[in-house]
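Heads up: the structure comes next, in structure tokens.
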Amino acid sequence: MSAAERLRPFAPAMGIVLGSGLGAVAERIETEATIPFAELPGFPRPAVEGHGHRVRLGRLGGLKVACLEGRAHYYETGSTAAMAAPIRALREAGAQILFLTNAAGSLRPEIGPGQLLLVTDHINLLPGNPLVGPNDERIGPRFPSLRDAYDPALRALLRDGARRLGIPLAEGVYAAYPGPSFETPAEIRMIRGFGADAVGMSTVPETILARHCGLRVAAVSVIANLAEGLGPTGPSHAETLAATRRAAKDLARLVEDFCKSLAAQ
Ligand code: HPA
């Protein structure tokens, strides 16, 4: 059975991809079923500490969701296309929206650890694009547009929700850096010069894949640290996880409220 066939009976309206330390979002889902990635053809086997390996199916704020607890990063696989199968399976199973979350470093000193940042656009610094290779026109076009890749109407819903809930929500451009080493101070100066506000090691390939197959995308970064060279100490994986876990509660409230708004539409 294909991954889409396994997911389709649950009729997810939205897929969610959870970044490291963001399990608090999954905890709010009224869970009908969980399926290990290992049972879903094409799904990755993430190896980084803090990542689960399963899809949680159920309702969040009344909306049917499929939550991917764990993802594949470029630095694990050497491929930017490692998330192609899960994202296309969500689409085939009927989802219309993909909500991407990640932990990121901030390039703006005023947006500190623990803050949420709504992604408005991205810069792809990964050495590749997940759509390289023959194109299957049944999935999407050869040359998909990435204008308004982060859906303006979904951004407006998130902005309104954050205001109502009293959760500060910064906005900015997310740059994807290959990793797994963190950036050098010189690279951070370069990325700032390019116009990025946050930097991380995920999300961009997923957005490209999702837009290609017609999913609407929303993405929120949890600021885990100030980027290298901006703070007194550099980023570390342990600090990243700790700051992310603290902010995950805000993110969980925001995502649940977002689902409620969508379910009411
Ligand atoms: N750089 C890249 N990825 C990250 C960072 C960072 O500073 N923090 C969390 N993920």
Side-chain angles (χ1 to χ4, degrees), residues 16-25 44 46-52 68-80 82-83 99-128 130 150 168-208 219-252:
I16 303 172
V17 180
L18 285 189
S20 321
L22 297 175
V25 176
V48 170
E49 188 198 335
H51 282 262
L68 273 60
E69 299 180 48
R71 58 152 54 99
H73 300 84
Y74 170 78
Y75 62 77
E76 289 167 285
T77 59
S79 164
T80 53
M83 290 295 282
F99 195 106
L100 299 167
T101 68
N102 59 60
S106 172
L107 292 109
R108 301 228 311 255
E110 70 278 16
I111 307 173
Q115 277 231 60
L116 303 183
L117 178 138
L118 179 62
V119 177
T120 57
D121 202 349
H122 76 221
I123 297 172
N124 186 14
L125 299 174
L126 305 178
Y150 300 87
L169 183 63
E171 298 195 18
V173 174
Y174 174 95
Y177 179 81
S181 55
F182 285 111
E183 305 76 23
T184 64
E187 285 167 340
I188 289 299
R189 288 193 295 274
M190 173 189 79
I191 295 169
R192 261 184 110 168
F194 284 175
D197 302 295
V199 61
M201 301 174 189
S202 67
T203 302
V204 163
E206 293 151 33
T207 296
I208 295 170
V220 174
S221 293
V222 174
I223 299 302
N225 53 272
L226 292 178
E228 186 58 88
L230 270 70
T233 57
S236 74
H237 185 56
E239 271 175 359
T240 294
L241 273 183
T244 312
R245 289 209 172 99
R246 283 198 303 276
K249 293 200 177 59
D250 280 347
L251 180 63

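All ligand and atom numbering here is 1-based and tracks the order in the structure. Owing to the predicted nature of the structure, the values given are computational and were not obtained by experimental measurement.
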query = Is it the side chain, the backbone, both or neither of Asn225 that has a heavy atom closer than 4.0 Å to ligand 1?
reply = side chain
key: Contact check, side chains of Pro168 and Gln115, non-hydrogen atoms, under 4.5 Å   = yes
query = Nearest to atom 5 (C) of ligand 1, what protein heavy atom do you find, and at what distance?
reply = Gly105 N, 3.4 Å
request  = Without swapping roles, check the side chain of Thr101 against the backbone of Val17 for a donor-acceptor pair under 3.5 Å.
outcome  = yes
query = Is it the side chain (CB and beyond), the backbone, both or neither of Phe182 that lies under 4.0 Å from ligand 1, heavy atoms counted?
reply = side chain
key: Residue, atom name and distance, where the atom is the protein heavy atom closest to atom 3 (N) of ligand 1   = Gly200 CA, 3.4 Å
message = Quick one: does any side-chain atom of Ser106 pair with a main-chain N or O of Ala198 as donor and acceptor, under 3.5 Å?
response = no
query = Within the structure, does Glu183 bring an N/O atom to less than 3.5 angstrom of an N/O atom in ligand 1?
reply = yes
Test item: Arg192 side-chain N/O and Leu107 main-chain N/O as donor-acceptor pair under 3.5 Å = yes
inquiry  = Looking only at side-chain N and O atoms, does Asn102 offer a donor or acceptor that is under 3.5 Å from a partner on Ser202?
reply    = no
key: Nearest-neighbour protein heavy atom for atom 10 (N) of ligand 1, which is reported as residue plus atom name and distance   = Ala103 O, 3.4 Å
Expected output: side-chain Tyr75 to main-chain Ser181 donor-acceptor under 3.5 Å = no
query = With atoms numbered from 1 as shown, which atoms in ligand 1 lie under 4.0 angstrom from a non-hydrogen atom of Met201?
reply = 2 (C), 3 (N)
inquiry  = With heavy-atom distances below 4.0 Å as the criterion, list the atoms of ligand 1 near Val199.
reply    = 1 (N), 2 (C), 3 (N), 4 (C), 5 (C), 6 (C)
